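Since this is a predicted model, take the numbers as computed values, not measurements. In this chain, residues are counted from 1 in sequence order. Excluded from the calculations below are hydrogen atoms, water molecules and symmetry mates; all remaining heavy atoms, backbone and side chain alike, are included.
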Amino acid sequence: MADFESLANAVIECNLGKALELTQKAVDEGAKPADIINQGLIAGMNVVGQRFRKGDMYVPEVLMAAKAMNEGMNIVKPLLVEGDVPEAGKVILGTVAGDLHDIGKNLVGMMMESGGLQVVDLGVDIAPEKFAEAVRKYKPDVIGLSALLTTTMLVMKDTIEVLQEEGLRDQVKIIVGGAPVTADFAQEIGADGWAPDAASAKDLVLELTGK
Ligand code: B1M
C-alpha cells in the first residue's frame with residue numbers, strides 16, 4: 001500500500017528528492033495515478049496553502065513545495081494519459097490576465113487529458129484578446145478560465161465580453177474555476193459552468209460536450 005501521507009509530507013517539507021522518490025515508489029507499487037495525485041501531491045499542497053494563509057509558510061517555501069508537487073506530477077502525468085483513450089473534445093485552458101497561478105490550472109489540464117480531452121494550454125496571464133485569437137485558431141469545444149485572485153477573477157467577465165464582441169461566444173462553451181470563483185459568480189458573468197476542482201472540471205467538460 002503506497003504511503004500517501006509521507007508523500008504529502010515531502011511536499012509540505014519542500015523536499016523535492018523525497019517527493020520524487022515516494023512518487024516513483026507509489027507508481028512502482030501500482031498505486032492509481034489519481035490517488036497519488038489527490039491523496040499525496042495535492043493533499044500536501046493543500047496544507048501548504050493553509051499554512052501560507054496563516055503566515056506559517058512564506059513564498060519561497062511555497063514555490064519549493066509547488067516545485068516538488070509539479071515534478072511529482074511529471075512522473076504521474078504520462079500514466080494518466082497512457083492508453084488508448086478516445087478523444088472527447090478540445091479544450092483551451094488558461095489563467096486569466098494579471099494572474100500567474102498555474103498549479104491548479106495545470107492539474108485541471110492533466111485531469112482533462114486523462115479523460116481523453118485534447119488540451120491546448122495557453123499558460124498564465126492570458127489577455128481576453130489572446131483567448132479570442134486561440135478560439136479562431138484552435139476551434140475548441142470549451143474554454144477553461146482559471147483565476148486564483150479575487151482581483152483577476154473579474155477578468156473572466158472581460159474575457160467573456162471580448163468573445164461576445166468578436167462574435168465567438170456562441171461557438172464555445174466557457175467554464176471557470178479557481179479558489180475564489182463560485183457557481184454564483186460563474187452564472188453572474190454568463191459562463192456555461194463552474195467546477196470546484198480538477199476532476200469535476202473534466203466531468204463538466206465531458207457533460208458540456210456530450211461525450
Ligand atoms: Co498566491 N495567492 N499570490 N502564489 N497563492 C493565493 C491564491 C492566496 C489565496 C494566498 C493567501 O493570501 N491566502 C492569495 C489570493 C488572495 C485573494 O485574492 N483573495 C494569493 C496572493 C495574494 C498572491 C500574490 C498577490 C502575493 C504577492 O505577491 N503579494 C501573488 C500574485 C501573483 C500573480 O498572480 N499576479 C501570488 C503569488 C504566488 C506564487 C507565485 C508564490 C505561487 C504560485 C505558483 C504557481 O502557481 N506557479 C502562489 C501560490 C502557490 C498560492 C497558494 C498558496 C496555493 C495555490 C495553489 O497552487 N493551490 C494560494 C493559497 C491557497 O490557495 N490556499 C495562493 C493548489 C492548487 C492545486 O489549487 O489553484 O485552487 P487551486 O486549483 C484547484 C481549484 O481551485 C480548481 O482545481 C484545482 C485543483 O483541484 N481550479 C479549477 C483551478 N483552476 C480551475 C479552472 C477550472 C476548474 C477548476 O475550470 C477552467
Side-chain angles (χ1 to χ4, degrees), residues 11 23 27 32-46 49 63 65-128 130-135 137-149 152-153 155-156 159 163 172-181 186 191-209 211:
V11 173
T23 301
V27 169
K32 282 190 195 156
D35 290 346
I36 301 174
I37 291 176
N38 291 324
Q39 296 174 41
L41 297 164
I42 294 185
M45 197 64 205
N46 283 339
L63 282 174
K67 185 174 165 65
M69 173 176 134
N70 272 329
E71 298 217 0
M73 293 288 189
N74 287 340
I75 295 177
V76 185
K77 189 176 172 178
L79 304 174
L80 276 175
V81 294
E82 216 172 53
D84 250 351
V85 189
E87 194 172 294
K90 195 191 287 178
V91 184
I92 285 179
L93 261 191
T95 303
V96 299
D99 199 322
L100 304 176
H101 294 85
D102 68 355
I103 298 168
K105 173 206 39 93
N106 294 345
L107 221 57
V108 168
M110 231 180 275
M111 286 292 172
M112 287 181 177
E113 282 177 354
S114 76
L117 292 156
Q118 186 188 343
V119 176
V120 179
D121 187 346
L122 302 180
V124 297
D125 192 18
I126 304 302
K130 289 273 175 202
F131 279 108
E133 204 179 299
V135 170
K137 182 171 176 189
Y138 297 106
K139 305 198 181 343
D141 301 292
V142 176
I143 297 184
L145 306 175
S146 180
L148 261 286
L149 301 171
T152 58
M153 63 191 267
V155 180
M156 292 174 156
T159 305
L163 290 168
V172 284
K173 299 285 185 194
I174 301 175
I175 69 161
V176 294
V181 181
D192 297 300
W194 163 84
D197 56 57
S200 324
K202 175 197 71 180
D203 293 344
L204 176 61
V205 168
L206 295 176
E207 191 187 309
L208 287 171
T209 57
K211 310 241 170 106

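- The shortest heavy-atom contact between Gly177 and Trp194 is CA-CD1, 4.3 Å.
- Taking every heavy atom of both residues into account, Thr152 and Ala147 meet most closely at OG1-CB, 3.8 Å.
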Evaluate the side-chain contact (heavy atoms from CB on, under 4.5 Å) criterion for residues Ile42 and Met73: first the C-alpha distance (whole Å), next the side-chain angles of each, then the deciding distance (0.1 Å), finally the verdict.
CA-CA 10 Å; Ile42 294 185; Met73 293 288 189; 4.1 Å; yes
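- Of all the heavy atoms in Pro140 and Ile92, the pair that sits closest is CG-CD1, 3.4 Å.
- Minimum interatomic distance between Ala97 and Ala127 (heavy atoms only, all atoms of both residues): CB-CA, 3.9 Å.
- Listed for the Asp192 side chain is a donor-acceptor partner under 3.5 Å among the backbone atoms of Ile174.
- Leu117 contributes atom CG, which lies 6.0 Å from atom OG1 of Thr209 (distance to the nearest 0.5 angstrom).
- The backbone N or O of Lys105 lies less than 3.5 Å from no partner atom in the side chain of Asp102, so there is not a single donor-acceptor pair.
- Side-chain atoms of Asp125 do not come within 3.5 Å of backbone N or O of Leu100 as any donor-acceptor pair.
- Between Asn106 atom CG and Ser146 atom OG the span is 9.0 Å, to the nearest 0.5 Å.
- Across Met156 and Leu145, no two heavy atoms sit closer than the pair CE-O, 3.2 Å.
- Judged as a side chain to side chain donor-acceptor pair (under 3.5 Å), and not counting sequence neighbours, Asp203 has no contacts.
- Put simply, the residue from Ile126, Val155, Leu149 that forms a side chain to side chain contact (heavy atoms under 4.5 Å, CB included) with Asp99 is Leu149.
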Please report the C-alpha distance between Thr23 and Val76 in whole Å, then the side-chain angles of each, then the deciding distance to 0.1 Å, and finally whether the side-chain contact (heavy atoms from CB on, under 4.5 Å) criterion is met.
CA-CA 8 Å; Thr23 301; Val76 185; 3.5 Å; yes
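- Evaluated for a side chain to side chain contact (heavy atoms under 4.5 Å, CB included) with Ile143, the options Val172, Ile175, Leu93 yield exactly one hit, Val172.
- Nearest heavy-atom pair, Met45 versus Val11, reported as atom, atom and distance to 0.1 Å: N-CG1, 3.9 Å.
- Rounded to the nearest 0.5 Å, atoms NZ (Lys130) and OG1 (Thr159) are 13.5 Å apart.
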